[in-house]
Number of protein chains: 2
Amino acid sequence: MPEQTEKGYDLCAVAGTIRLISGKYKAVILYHLMDESLRYSEIHRYVPYATDKMLAQQLREMEKDGLIVRTVYPVVPPKTEYALTEFGRTLRPLLLEMAKWGETYFLKEKAAGPGAE
Amino acid sequence: MPEQTEKGYDLCAVAGTIRLISGKYKAVILYHLMDESLRYSEIHRYVPYATDKMLAQQLREMEKDGLIVRTVYPVVPPKTEYALTEFGRTLRPLLLEMAKWGETYFLKEKAAGPGAE
DNA sequence: CGGAATCCTCTTTGATACTG
DNA sequence: CAGTATCAAAGAGGATTCCG
């Protein structure tokens, strides 16, 4: 498929992808939602350094972008669940690749990382 | 995926990866540097909407992060070339995955032209 | 529990001008 | 050509408080 890939074309693709998943906590949240739906508080536990404001904001943005769905259960106490949409699930390979790369080169760069060249 | 992956571990890996390549033009620049070394003006032509300041800044950050190397040739007129480092080249699979995803899901309507799926 | 509202700060980005 | 310098604007992010 990417045979006929033009430079300026992929440029937009890459930029668009970055725009959707860059955001301080987005990729991390998406990564955790890959396996299971999570409640607001559960997500927050995964990203404790994020404030409520930031978390809600990033979640709303991703919801607007069609990456996740928000389901509110009208119960007491309130319960809200976040899950990947079909669209969001297509990010799986990318998220795994990111985790893999980060794991291999970013966390193990003590041996041969930046400055090594 | 490497053996037993812990959540909090991959979380850092994903976050770290995002931190390195998110940046308005970074991924796009890296993508173009995958194939060949480029001069400052050539990069700028690929990212025309970036200002000189932004471009220089992002390049300096990526240089500091060990992703690219900057080579200045002492000639007139000045010539500076940017290239991926060994470390930067390891991003290749990720960048390709990003381009592929963006192309397939993000630019889908436009991609649905000739030979598109 | 799952947020929204407000205020404030820091960083990012942009516009413009200048330089070796 | 390949930047740097400076100022100003915009946005991201944080701290705190409050609410259904």
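Atom set for the values below is all heavy atoms of this structure, side chains included, hydrogens, waters and symmetry mates excluded.
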ILVMFWY clustering at 4.5 Å (side-chain atoms), partners of A/V76: none
Touch class at under 4.0 angstrom, heavy-atom based, for A/Y73 against every strand present: nothing
Phosphate contact (D/dC1 OP1 or OP2) by B/Y82 side-chain N/O below 4.0 Å: no
Interatomic distance where CG belongs to B/L55 and P belongs to D/dG3 [whole Å]: 8 Å
Student check: side-chain heavy atoms of B/L91 and B/L20 closer than 4.5 Å: no
Which residues share a ring-ring contact (aromatic ring centres under 6.0 Å, His included) with A/Y25, sequence neighbours left out: A/Y49
Leading and trailing nucleotides of DNA chain C with any atom under 4.0 Å from heavy atoms of chain B: C/dT13 to C/dG20
Under 3.5 Å donor-acceptor, A/T80 side chain and A/Y40 backbone: no
Minimum side-chain heavy-atom gap B/Y82-B/I29 below 4.5 Å: no
Contact under 4.0 Å: B/R39 side-chain N or O vs D/dC1 OP1/OP2: no
Relative orientation of the end axes in the helix from C/dC1-D/dG20 to C/dG20-D/dC1, expressed as an angle to the nearest 10° (five pairs per end): 60°
Pairwise side-chain contact, B/Q57 with B/E61, heavy-atom cut-off 4.5 Å (strictly under): yes
Contact state string [nucleotides 4-20 of chain D, B base, S sugar-phosphate only, - no protein heavy atom under 4.0 Å]: S-B------BBB----B
Salt bridge B/K100-B/E103, side-chain N to carboxylate O under 4.0 Å: no
Check: A/H44 side chain, A/R39 main-chain N or O, donor-acceptor pair, under 3.5 Å: no
Partners passing side chain to side chain contact (heavy atoms under 4.5 Å, CB included) against A/R45 (at least two apart in sequence or in another chain): A/S41, A/E42
B/M62 CE to B/Q58 CD distance, which is reported to the nearest 0.5 Å: 6.5 Å
